[in-house]
Amino acid sequence: MKDIFVLIEHRRGEMRDVSIEMLCGAAGLGGTVVAVLLGKDVDAFAEKAAGYADKVLYVNDPMFENYNSEAYQKALSALIKEHNPGLVLIGNTAQGIDLAPALAVELGAPLVTDVTALEMEGDKPKPTRQFYGGKLDAHMVMKDADLYILTVREATFQAGEPSKSGEIVKVENPVKEEITYRKFVEYVEPEVGEVDITQSTMLVGVGRGIREDKNLPIVEELAKVLGADLAASRAVVDAGWLPADRQVGISGKTVKPKLYLAVGISGAFQHVTGMKGSEVIVAINKDPDAPIFGIADYGIVDDLFKVVPKLTEKIKELKGL
């Protein structure tokens with residue numbers, strides 16, 4: 001099998017979790033796993049990636065201090081043409097979905113985005129992606145090609161512990177011309193509200209199943225007796241029932257609490273992407289086919305308006321409140 005390239009994504013001095021996840025996932029596909037890293041002063045990232053890859057190719061150049069899709073595309077295209085991998089894995093992040101389609105068009109490579117599972121059949125990938133809010137898994141069949149490009153959803157693979165000591169190869173920047181027609185300007189971070197849910201140990205997430213804002217107090221009381229913070233799906237935030245800094249998901253925040261209690265949340269992939277890494281997931285939903293049960297460790301199929309008050313009372317009893 002040909003080499004598998006895994007693009008390492010980093011931002012503001014931190015390597016993104018999806019990079020390690022993809023490296024661990026690629027290790028189970030067969031072939032040589034090559035981490036590809038572009039950046040400035042990223043020697044430490046190269047060392048870290050070497051713990052998960054058979055080889056690390058990295059370009060250390062001021063051009064890549066901040067992400068620029070034009071620079072990344074030119075560099076990756078050159079490295080792919082030189083090393084001839086059979087598969088390129090890129091995170092299905094804002095950066096990845098900006099970069100991958102243009103790269104695939106330039107190289108004439110088949111592309112599947114937002115992959116949620118992956119197997120190999122010889123040199124050909126057999127990716128899975130979801131439709132209809134996660135209710136349907138589509139097993140994709142790709143045409144014969146020398147190169148395939150996939151963007152992989154966060155938390156698709158489990159990030160393990162480093163077990164390799166891959167060769168680290170520093171390569172010269174293949175992009176010689178200065179890119180002036182597209183420039184990085186600045187990062188604009190969302191304001192942190194009274195609670196930073198990304199740091200919460202326990203979260204109670206509330207979805208459209210709550211029906212209306214006047215019903216929020218029953219969930220707020222549950223969160224209070226648990227000692228948890230309140231989070232929300234996009235539907236709840238869009239309705240104005242909770243502020244935007246409480247939103248979990250692709251267009252919100254990624255959280256990894258020890259406990260995530262999903263109340264009235266169907267489990268659309270946009271939300272699941274932001275909380276799938278939680279240590280324990282408990283779901284309450286009256287729809288037995290809700291996608292949230294596909295990732296939940298524990299599930300209660302019933303009306304939340306019956307379950308939540310009883311659960312709150314039971315916790316009070318156990319805590320002696």
Side-chain angles (χ1 to χ4, degrees), residues 1-11 15-23 25-26 29 31-43 45-46 48-50 52-115 118 123 125 127 142 145-154 156 166-184:
M1 180 177 171
K2 290 184 176 180
D3 293 351
I4 301 172
F5 270 21
V6 176
L7 179 63
I8 303 300
E9 183 172 335
H10 55 92
R11 183 183 300 168
M15 186 185 295
R16 303 294 298 276
D17 291 344
V18 69
S19 300
I20 301 301
E21 293 165 4
M22 289 190 297
L23 287 172
L29 300 177
T32 300
V33 179
V34 181
V36 180
L37 172 63
L38 309 174
K40 177 189 176 186
D41 300 327
V42 288
D43 294 38
F45 289 161
K48 183 175 181 178
Y52 299 89
D54 300 302
K55 186 176 182 179
V56 179
L57 291 177
Y58 84 108
V59 178
N60 200 2
D61 191 284
M63 177 181 290
F64 304 107
E65 180 176 6
N66 294 297
Y67 170 71
N68 181 319
S69 64
E70 297 295 320
Y72 264 62
Q73 181 179 335
K74 290 178 181 294
L76 279 173
S77 176
L79 292 173
I80 289 169
K81 290 174 181 176
E82 178 181 354
H83 295 276
N84 194 32
L87 176 63
V88 177
L89 301 181
I90 300 173
N92 194 68
T93 60
Q95 175 178 314
I97 59 179
D98 176 42
L99 171 65
L103 181 66
V105 169
E106 178 186 347
L107 297 174
L111 168 70
V112 175
T113 60
D114 197 25
V115 169
L118 178 60
D123 285 337
M142 305 187 74
D146 293 325
L147 172 69
Y148 301 91
I149 298 177
L150 307 177
T151 67
V152 180
R153 187 187 297 182
E154 294 174 275
T156 291
E167 176 190 8
I168 298 177
V169 180
K170 187 175 182 180
V171 298
E172 185 179 350
N173 184 2
V175 184
K176 303 305 179 184
E177 71 277 16
E178 182 181 359
I179 297 173
T180 58
Y181 53 89
R182 186 167 186 172
K183 293 183 178 181
F184 169 82

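Since the model is a prediction, treat every value here as computed from it, not as a measurement.
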Of all the heavy-atom pairs spanning Leu111 and Ala104, show the shortest one and how long it is.
CB-CB, 3.9 Å
Do you know which two heavy atoms are closest between Phe45 and Met15, and how far apart they sit?
O-CE, 3.5 Å
Closest non-hydrogen atoms of Pro101 and Ile97, given as atom of the first, atom of the second and distance, are CD-O, 3.3 Å
Can you confirm if the aromatic rings of Tyr67 and Phe184 lie within a centre distance of less than 6.0 Å?
no
Pairing residues for Thr113 by the side-chain hydrogen bond (donor to acceptor under 3.5 Å, both in side chains) criterion, not counting sequence neighbours
Arg129
Taking atom CG of Leu38 and atom OH of Tyr72, what is their separation to the nearest 0.5 Å?
5.0 Å
Asp17 meets the salt bridge (charged side-chain N to carboxylate O under 4.0 Å, His left out) criterion, sequence neighbours left out, with Lys256
Could you check if a side-chain atom of Ser19 sits within less than 4.5 angstrom of a side-chain atom of Val6, using non-hydrogen atoms only?
no
Sorted by chain and number, sequence neighbours left out, side chain to side chain contact (heavy atoms under 4.5 Å, CB included) with Glu70 holds for Asn68, Ile179, Tyr181, Arg182
The side-chain hydrogen bond (donor to acceptor under 3.5 Å, both in side chains) partners of Thr32 (sequence neighbours excluded) come to none
Do Pro85 and Ile4 have side-chain heavy atoms sitting under 4.5 Å apart?
no
Closest non-hydrogen atom pair, Phe64 against Val175:
CZ-CG2, 4.5 Å
Show the numbers, then the answer: is there a side chain to side chain contact (heavy atoms under 4.5 Å, CB included) between Leu87 and Leu29?
CA-CA 10 Å; Leu87 176 63; Leu29 300 177; 4.3 Å; yes
Quick one: CD1 on Ile90 to CD on Gln95, what's the gap to the nearest 0.5 Å?
8.5 Å
Shortest non-hydrogen contact from Met142 toward Pro110:
CE-CB, 3.6 Å
Kindly write out the residues that satisfy side-chain hydrogen bond (donor to acceptor under 3.5 Å, both in side chains) with Gln73, not counting sequence neighbours, or none if the list is empty.
Glu106
Enclosure of Asp146 CG (heavy-atom neighbours >12, cutoff 6.0 Å)
no
Stepwise side chain to side chain contact (heavy atoms under 4.5 Å, CB included) check, Leu118 with Val152
CA-CA 9 Å; Leu118 178 60; Val152 180; 5.6 Å; no
Are Val36 and Leu79 side-chain neighbours, meaning at least one heavy-atom pair lies under 4.5 Å?
yes
Could you work out, with side-chain hydrogen bond (donor to acceptor under 3.5 Å, both in side chains) as the rule, every residue matching Lys176, not counting sequence neighbours?
Glu172
Hey, are the side chains of Leu76 and Val88 touching, using non-hydrogen atoms and a 4.5 Å cut-off?
no
Any non-hydrogen side-chain atom of Val42 less than 4.5 Å from a side-chain atom of Ile8?
no
Minimum side-chain heavy-atom gap Tyr58-Asp43 below 4.5 Å:
yes
Measure the spacing between NZ of Lys55 and CG of Asp3 and express it to the nearest 0.5 Å.
7.5 Å
Backbone of Gly166 reached by a side-chain donor or acceptor of Asp54 within 3.5 Å
no
Sidechain-backbone polar pair: Ser69 side chain, Leu99 backbone, donor-acceptor under 3.5 Å
no
Taken to the nearest 0.5 Å, the spacing of Glu167 CD from Leu57 CG works out to 8.5 Å
What distance do Met63 atom CE and Glu178 atom CD have between them, rounded to the nearest 0.5 Å?
7.5 Å
Give the intermediate values and the outcome of side chain to side chain contact (heavy atoms under 4.5 Å, CB included) for residues Met22 and Leu7.
CA-CA 9 Å; Met22 289 190 297; Leu7 179 63; 5.6 Å; no
Within the distance-only criterion (no hydrogens, no angle test), does the side chain of Asn92 pair as donor or acceptor with the backbone N or O of Asp114 below 3.5 angstrom?
yes
Check Leu23 against Ala35 and note the closest heavy-atom contact, atom names and distance.
CD2-CB, 4.0 Å
Would you call Leu37 and His10 a side-chain contact if the rule is heavy atoms closer than 4.5 Å?
yes
Spacing of CZ belonging to Arg16 relative to OG1 belonging to Thr93, to within rounding of 0.5 Å:
6.0 Å
